[in-house]
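Hydrogens, waters and symmetry mates play no part in the numbers below; they use all other heavy atoms, side chains included. Worth saying up front: this structure is predicted, and the values here are computed from it rather than measured.
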Amino acid sequence: MRIAVVGGGIAGLAFALALHQRGLACEVYEGVSEVRELGVGITLLPHGVRELAALGLLDALQACAIENRESVFFNRWGQRVYGEPRGRHAGYDLPELGIHRGRLHGVLWQAAIERIGRARLHTGHRCVRIEPQTRGALLHFDEIDGVRPAPVQADVVVACDGVNSAVRRHFYPDDKVCFGGINTWRGTTVHKPILDGRSYMRVGSIDTGKMVIYPIADNVDGQGNQLINWVAEIRDPQNRMNDWNRPGRLEAFLPMFADWRYDWLDVPALITGAQQIFEYPMVDKDPLPRWSFNEVTLMGDAAHPMYPRGSNGSAQALIDARTLADELAATPADPAAALARYDAVRRPATARVVETNRTLPPDFIIMKVDELSGGQPFDDIDRLISQDELRAISEHYKQVAGFSLKTPA
């Protein structure tokens, strides 16, 4: 069975490693010519860490990540609204980790080289078109540096080629991203630890401007400073190109946060301390009626791109990878049936997450408090809303998002 994995990102590499673990070979076709550790931060939730731990990668990840102790919500005025323990501190079997996306990808890439072999990892192969065959499909690639790779015939094709997937576009030619009217700017800044240096922070709401802030590496300069990942979100009706590598401009968003100075954090200083800033619109896509077409299927962002709220995109992609590897290992003689079962299990589950991220994301906690306070500072949070009510909002999101690994009491 010739399995082609289109895309060597988080989903594609995790899937390839899961196949190898189950005794199934594959070939990975990655678009870039050179794999480098790029990007900003990412949070790995316990149910995502579970999948990586099952691949034997937990020690390597913990060596270059921060284990989150708590998640804390503040209003635009820097007042604490709600907080809760996270990961192992909340009773889960596994930690919640903040890590540089490039480091995470580097750990997966190195593991793939060691286990699968560099010869099966084909860089400079950006898939631009597929031709479904009687079994599987023929893959066509873009020209890179004046050379166009030869087409590849595969019995099974798994598209892990992201939100702009060429494979998805074949089956859904009118497919479009859905812009949420929110623009984001992302960066990383070397900064002293904030709070206890193990906190995931959400500050403000989308109506007042919002910041998501968390550490992703310890003592990066030998002086105790951390690498802090931050994301700024502002309502903006202008739809921009969905390119993760688009440079951002300070003047486009810094004025919104100019007076966000608290006794525990100077937000403008955090933003202006970044060496590089990326701009990206908050986009997702409507859930699909079908992922699998005979021996071709979708995975990760190619299947269910979601708003980057709740840190769940990577976790859902990792669950996709393990699920499909299990199904293919169960019936290797009938891959179409395996892909159909994977579709039936994973598509409805991820659709619920996509829809919840649109309507009731984790930061709904702050939005609710802003509504009750009129967007002004409050004297006593408990007079506005009880902590039990805020906890119920958080628990509802976690239930939909698949937080299901807490150790029984």
Any luck finding a side-chain donor-acceptor pair between [X] and [Y] under 3.5 Å?
{"X": "Thr331", "Y": "Arg341", "value": "yes"}
{"X": "Asn229", "Y": "Thr188", "value": "no"}
{"X": "Glu114", "Y": "Gln110", "value": "yes"}
{"X": "His125", "Y": "Asp142", "value": "no"}
{"X": "Arg115", "Y": "Gln21", "value": "no"}
{"X": "His304", "Y": "Asp320", "value": "yes"}

**Item:** Worked check of salt bridge (Lys or Arg N to Asp or Glu O under 4.0 Å) between Arg358 and Asp284
**Value:** CA-CA 9 Å; Arg358 290 177 175 180; Asp284 65 4; 2.7 Å; yes
Determine yes or no for a side-chain-to-main-chain donor-acceptor pair under 3.5 angstrom, with [X] supplying the side chain and [Y] the backbone.
{"X": "Lys285", "Y": "Lys176", "result": "no"}
{"X": "Thr359", "Y": "Glu355", "result": "yes"}
{"X": "Thr184", "Y": "Glu233", "result": "no"}
{"X": "His105", "Y": "Gly8", "result": "yes"}
{"X": "Asp301", "Y": "Gly162", "result": "no"}
{"X": "Thr208", "Y": "Gly204", "result": "no"}
{"X": "Gln387", "Y": "Val81", "result": "yes"}
{"X": "Asn68", "Y": "Arg86", "result": "no"}

For the pair [X] and [Y], find out whether any cationic side-chain nitrogen is under 4.0 Å from an anionic carboxylate oxygen.
{"X": "Asp363", "Y": "Arg202", "value": "no"}
{"X": "Arg169", "Y": "Asp161", "value": "no"}
{"X": "Glu70", "Y": "Arg198", "value": "no"}

**Message:** Suppose we screen for side-chain hydrogen bond (donor to acceptor under 3.5 Å, both in side chains). Which residues come up paired with Glu389, at least two apart in sequence or across chains?
**Reply:** Ser386
**Asked** Residues two or more places apart in sequence or in another chain: which of them pass side-chain hydrogen bond (donor to acceptor under 3.5 Å, both in side chains) with Glu30?
**Response** none
**Request:** Would you list the pairs meeting ring-ring contact (aromatic ring centres under 6.0 Å, His included) in which at least one residue belongs to residues 307-352, sequence neighbours left out?
**Result:** Trp291-Tyr342
With heavy-atom distances below 4.5 Å as the criterion, would you say the side chains of [X] and [Y] are in contact?
{"X": "Val128", "Y": "Arg126", "answer": "yes"}
{"X": "Val49", "Y": "Leu318", "answer": "no"}
{"X": "Met299", "Y": "Leu324", "answer": "yes"}
{"X": "Val28", "Y": "Cys26", "answer": "yes"}
{"X": "Arg168", "Y": "Asp175", "answer": "yes"}
{"X": "Gln133", "Y": "Leu138", "answer": "yes"}
{"X": "Leu57", "Y": "Leu17", "answer": "yes"}
{"X": "Arg69", "Y": "Pro85", "answer": "no"}

**Request:** Check whether the ring centres of Tyr262 and Trp77 lie less than 6.0 Å apart, and answer yes or no.
**Result:** no
**Asked** Would you call the rings of His122 and Tyr29 parallel, tilted or perpendicular if under 30° counts as parallel and over 60° as perpendicular?
**Response** parallel
**Request:** Evaluate the criterion salt bridge (Lys or Arg N to Asp or Glu O under 4.0 Å) for residue pair Glu84 and Arg391; output intermediate values, then yes/no.
**Result:** CA-CA 8 Å; Glu84 63 182 18; Arg391 187 175 299 110; 5.9 Å; no
